[in-house]
Amino acid sequence: MAKKLRIDKVLSTIGCGSRAEIKRYCKYGIISVNGDVVSNPGLQVDPENDEIMFEGKVVHYREFVYLMLNKPDGYISATFDKFDPIVLDLIDAEYLIYEPFPVGRLDKDTEGLLVITNDGKLSHRVLSPKKHVPKTYYAKIDGLVTEEDIKAFEKGVTLDDGYETMPAQLNILVSGETSEIELTIHEGKFHQVKRMFESVGKKVVYLKRLSMGKLKLDESLALGEYRELTEEEIKQMEER
Ligand code: URA
């Protein structure tokens, strides 16, 4: 069944004014729903299907927004930070009105796939340690990454705080003085990829997230660019 909301709630959410202002606007006859002028600010509407007009223009409301950002270096994955730019600084006001937040965290210097949404339930499911949603990273490593590392990661390594990681799949792309790898992990401990490499005596010098569940970073997005997820992609985030 379609979700119903008060017209004043809908219009204030999308930035047409405060609830008190919307109440006043109802007296001016500048709001209509499906062609009928609204005088009651408490009118129940189906905001995703009714045609709502404000000051002669059709306005659009949705419950949830889902964005894929190609996160650049230098941005904090949070909704507020005292000192540094945050990923929401990259998002336009038309989406910020829905009060979105990042799904999980990437380090300030990590790039790549970051989903931004206001769907708390979906975010909770994707991040739940019980769900083991896989995340794949591309990294450059200062040092020679070897078959031994593949075996160690598959078995699980011990991090600096004593935590034993779950089996993770390491794929060596380039093995050399600086190596290039892809690593798939099934959990999300703080600085996990960097700490896994530290546990085998190596340092991550560049890190980028490529995928989350079956959702892949759209490589056509330049760093700092974002786009809406498709219906299919929203589902892919939870798939293993
Ligand atoms: N692992 C890290 O070390 N950093 C990230 O940003 C993500 C995973």
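First listed ligand is number 1; within each ligand, the first listed atom is number 1. For the single chain, residues carry numbers from 1 onward in sequence order.
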Protein neighbours of ligand 1 with a heavy atom under 4.0 Å, given by chain and number, are Leu106, Asp107, Thr110, Tyr137, His191, Gln192, Val193, Lys194, Leu207
Would you compute the distance between atom CZ of Arg62 and atom OH of Tyr98 and round it to the nearest 0.5 angstrom?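 If I round to the nearest 0.5 Å, the distance is 6.0 Å.
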Six-ring centre of Phe197, Lys202 cation under 6.0 angstrom, axis tolerance 45°: no
Hey, does Phe153 have a side-chain heavy atom less than 4.5 Å from the side chain of Pro167? no
Ion pair present between Arg19 and Asp8, side-chain N to carboxylate O less than 4.0 angstrom?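 Yes, charged N to carboxylate O under 4.0 Å.
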Which residue, Thr117, Asn118, Asp119, forms the side-chain hydrogen bond (donor to acceptor under 3.5 Å, both in side chains) with Tyr66? Asp119
Got a sec, which residues hit salt bridge (Lys or Arg N to Asp or Glu O under 4.0 Å) with Asp218, two or more places apart in sequence or on another chain?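 Asp218 satisfies salt bridge (Lys or Arg N to Asp or Glu O under 4.0 Å) with Arg227 only.
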